[in-house]
Amino acid sequence: MSYNPENALIVQSDRTILLEVHAPTAGAAREAIAPFAELIKSPEHVHTYRLTPLSIWNARAAGLGVEQMVKALQQYTKYPLPSSIIEEIETLGRRYGLTRLFKSDDGFFLILKVADEALAELLLREKPIAPLLEKRLSPLSFQVPTQFRGLLKKALVEVGYPAEDLAGYVQGDALPLKLRSTAQSGQPFVLRPYQLEAADVFYQSGRVQGGSGVICLPCGAGKTIVGMAAMAQVQENTLILTTSLTSVRQWRRELLDKTELPEEVIAEYSGEMKATGPITLATYQILTYRPHKDADFPHFSLFQARSWGLIIYDEVHLLPAPVFRITAELQARRRLGLTATLIREDGRESDVFALIGPKRYDVPWRELESQGFIAQAICREIRVPQDSEEQMRYAVAPRRQQFRVAAENPRKLEVVRQLLIDEIGHKILVIGEYIEQLRTLAELTKFPLITGKTTQKQREVLYQKFRSGEIDGLVLSRVGNFALDLPDADVLIQVSGKYGSRQEEAQRLGRILRPKSDGRTARFYTLVSERTCEEDFARHRQLFLTEQGYGYQIN
DNA sequence: TATAGCGCAA
DNA sequence: CGTCGTGCGCTATA
């Protein structure tokens, strides 16, 4: 194959792939490589992707073959593919499944089968793996104690030979569960096609491969409903872990509304309740509670409280380290991770891959948008200059305070004022990081301010006023990131954001994506101080949006 | 016995 | 890098 100037991709031997955004085939090329390449930079003209072992294994686990990956690159590459890249994809891609885990016939231990003797010898010489292999059963198989299932999978990912786990699951106590066709609230209720597909892919109609993994869906796309659909497939006792009490309550409400489960079946295991039932809801926080450092985790007993047939990890990208550790011991339970972004700020994606499971399903946000399940959104970044006095303050500030100086750029106030004029008549959320700045903004906009100190009662009152249209806007601190009960808005103005968090960007964008009754477009504004570190952070945050197919207008 | 307020941790 | 929000368990209060 030779030079093809129409094409959008430049594939380089260092495993990076450059995508020329304005090339005629850019959209199709992006779609073709997104399943197996990780986006790392997305400025306006050229986006950079990278092939990583994990990105390739996730694609393999989702059923994408190495030939398809190579073909995708060949189809859209501008220059001939470096042969090293083809080899790289083949080597890494083919490694997936060279090791496979089975249950022994009597069920007392696991069997690790490897593809060839050389690999067997290689694994025997790997420090993290050798101690987990109890006995060699044949040239190509090892006996492994069942309790090492998670450790072994984690270690195999580390040494580059991820296992296909075919050892199956224990059966949990039965729990008959039916989804309603009319929700209790009276609304007709049907699973959307992608929700059904996600739950099916997770469960794989009873095949042994299914039953563990991660489903990525945008906020507002109904992850809770996918969870319920999975529960309806499994029909066994389920433990649901979430990040907050609000979210516990939300799951409970949804379960009562959309399934035929009676109230007493759903228990809440929290600071104030500590009940368990066939369906139990708990927070990560109570699980990670310890009376003092170096003590063990008293609430881990929850995992043994019942015979769980399914454990759901809500917001799996926020899973705390101790829960990872115990999840290594729970590999015989079905596990479903739910998230909007698989990206972890601590880089433990490979732990999610090994211990929860590979990514089973995701839909680009833009696709849901075109189907009308989430609202269209326009994202705009507004560069705000600092005046000279402020520039000086920024320049001389200690490095660690620079970000705050940039974030609190007083000229952002003017911009907000102008945006309010432009957006008059719409429902507006102003979100920022620093309470002082938000106080000033609240005064300026005459919108009520909600921070962590605002009592739940007051929040409710204000949300209600916002919903009813009595007030046009709210100023919010970080409570705006996670508060599930926060009403939806048309316009979101982000005056400052936290470092490089893609998660945060996702959460906040999700705020305005609930479909509008009149099909209106939502607007997402990010205010960024010019010539400051904020520009760099902003770029990093936007990676997420680009991954989802959103363009960022900058001015 | 219920509940408000505090300190702590990840 | 620190700031902020959260939920835990404990203690004080009646």
Side-chain angles (χ1 to χ4, degrees), chain A residues 240-252 268-275 280-302 313-327 344-348 351 394 396-408 429-442 449-460 462-463 474-486 494-501 503-504 507-508 511 532-534 536-537 540-541:
Chain A
I240 303 170
L241 308 177
T242 73
T243 51
S244 69
L245 279 175
T246 320
S247 162
V248 163
R249 310 262 148 79
Q250 156 112 353
W251 271 92
R252 193 185 154 75
E268 179 184 318
Y269 188 92
S270 67
E272 46 189 281
M273 302 275 275
K274 303 229 181 25
T280 301
L281 293 153
T283 61
Y284 293 130
Q285 226 153 329
I286 197 163
L287 287 173
T288 50
Y289 168 79
R290 278 191 289 186
H292 53 91
K293 248 192 158 86
D294 313 322
D296 39 38
F297 298 90
H299 298 299
F300 274 9
S301 58
L302 183 56
Y313 300 83
D314 197 11
E315 313 287 2
V316 72
H317 59 283
L318 298 173
L319 208 66
V323 181
F324 265 125
R325 238 169 290 140
I326 191 148
T327 298
R344 290 180 64 96
E345 249 56 74
D346 64 1
R348 296 187 69 166
D351 287 2
Y394 178 81
V396 301
R399 206 171 169 64
R400 60 181 199 280
Q401 278 170 37
Q402 282 187 333
F403 183 75
R404 182 158 189 169
V405 174
E408 297 192 308
L429 298 177
V430 180
I431 303 191
E433 281 297 299
Y434 299 105
I435 305 294
E436 272 311 299
Q437 181 187 35
L438 293 172
R439 256 194 269 277
T440 319
L441 277 162
L449 172 67
I450 299 178
T451 71
K453 285 217 265 300
T454 314
T455 61
Q456 294 297 332
K457 244 207 181 85
Q458 274 176 289
R459 292 184 204 188
E460 268 312 307
L462 291 170
Y463 293 157
L474 292 170
V475 178
L476 300 159
S477 69
R478 272 167 45 187
V479 292
N481 289 3
F482 296 103
L484 293 161
D485 40 2
L486 179 61
Q494 181 170 245
V495 290
S496 51
K498 198 178 185 300
Y499 310 113
S501 173
Q503 272 172 44
E504 189 175 80
Q507 295 282 358
R508 291 182 173 176
R511 276 280 154 249
T532 69
C533 56
E534 255 196 329
D536 305 321
F537 292 130
H540 188 231
R541 284 200 315 261

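Chain A is the first sequence line, chain B the second, and so forth, proteins listed ahead of strands; every chain is numbered from 1.
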Rounded to the Å, how far apart are Leu449(A) CG and dC4(C) C1'?
13 Å
Can you tell me if Gln437(A) uses its side chain to pair, donor with acceptor, with the backbone of Gly432(A) under 3.5 Å?
no
Could you tell me how far apart Arg478(A) (CZ) and dT6(C) (P) are, to the nearest whole angstrom?
9 Å
Could you check Thr283(A) against Val479(A) and say which one's nearest nucleotide on DNA chain C is further toward the 5' end?
Val479(A)
Whole-Å gap separating P (dG7(B)) and NZ (Lys453(A))
13 Å
So, the side chain of Thr454(A) versus the backbone of Arg459(A): is there a donor-acceptor pair under 3.5 Å, distance only?
no
Which nucleotide in dC1(C), dT6(C), dC8(C) has an atom nearest any side-chain atom of Arg400(A)
dC1(C)
Counting heavy atoms from C-beta on, name the nucleotide in dC1(C), dG5(C), dG7(C) closest to the side chain of Leu245(A).
dG7(C)
Suppose we screen for side chain to side chain contact (heavy atoms under 4.5 Å, CB included). Which residues come up paired with Pro320(A), at least two apart in sequence or across chains?
Tyr284(A), Thr288(A), Pro322(A), Val323(A)
Are Thr243(A) and dT6(C) close enough that a side-chain N or O sits under 4.0 Å from OP1 or OP2?
no
Base, sugar-phosphate or nothing for Gln401(A)? Non-hydrogen atoms, less than 4.0 Å.
nothing
Distances for protein N/O vs nucleotides 8-10 of chain B N/O pairs under 3.5 angstrom?
none

Protein-nucleotide distance (Tyr434(A), atom OH; dC1(C), atom P), rounded to Å
13 Å
Polar atom pairs (N or O), protein with nucleotides 9-11 of chain C, under 3.5 Å:
unit_1: dG9(C); atom_1: OP1; unit_2: His299(A); atom_2: NE2; d: 2.7
unit_1: dG9(C); atom_1: OP2; unit_2: Lys274(A); atom_2: NZ; d: 3.0

Using modelled atom types and a 3.5 Å cut-off, is there a donor and acceptor pairing between side-chain atoms of Arg439(A) and backbone atoms of Tyr434(A)?
no
Without decimals, in angstroms, what is the distance between Gln456(A) CD and dA4(B) C1'?
14 Å
Crowded around Lys453(A) NZ? As in, over 12 foreign heavy atoms under 6.0 Å?
no
Distance, rounded to the nearest Å, where Leu476(A) contributes CG and dT6(C) contributes P:
11 Å
Check the distance between dC4(C)'s P and Gln437(A)'s CD and give it to me in whole angstrom.
11 Å
Kindly write out the residues that satisfy side chain to side chain contact (heavy atoms under 4.5 Å, CB included) with Ala275(A), not counting sequence neighbours, or none if the list is empty.
Ala267(A)
Below 4.0 Å: OP1/OP2 of dG5(C) and any side-chain N or O of Arg459(A):
no
With sequence neighbours left out, what residues match Thr455(A) under side chain to side chain contact (heavy atoms under 4.5 Å, CB included)?
Lys457(A), Gln458(A)
Mind telling me whether Phe537(A) and Phe403(A) have parallel, tilted or perpendicular rings, with 30° and 60° as the class edges?
perpendicular
Please classify the nucleic acid contact of Arg404(A) as base, sugar-phosphate, or nothing, using heavy-atom distances under 4.0 Å.
sugar-phosphate
Using atom CG of Leu318(A) as one end and atom C1' of dT6(C) as the other, report the distance to the nearest whole Å.
12 Å
Could you give the distance from CZ (Arg508(A)) to CZ (Arg478(A)), rounded to the nearest 0.5 Å?
9.0 Å
With Leu318(A), which residues qualify under side chain to side chain contact (heavy atoms under 4.5 Å, CB included), at least two apart?
Thr243(A), Glu315(A), Phe482(A), Gln503(A)
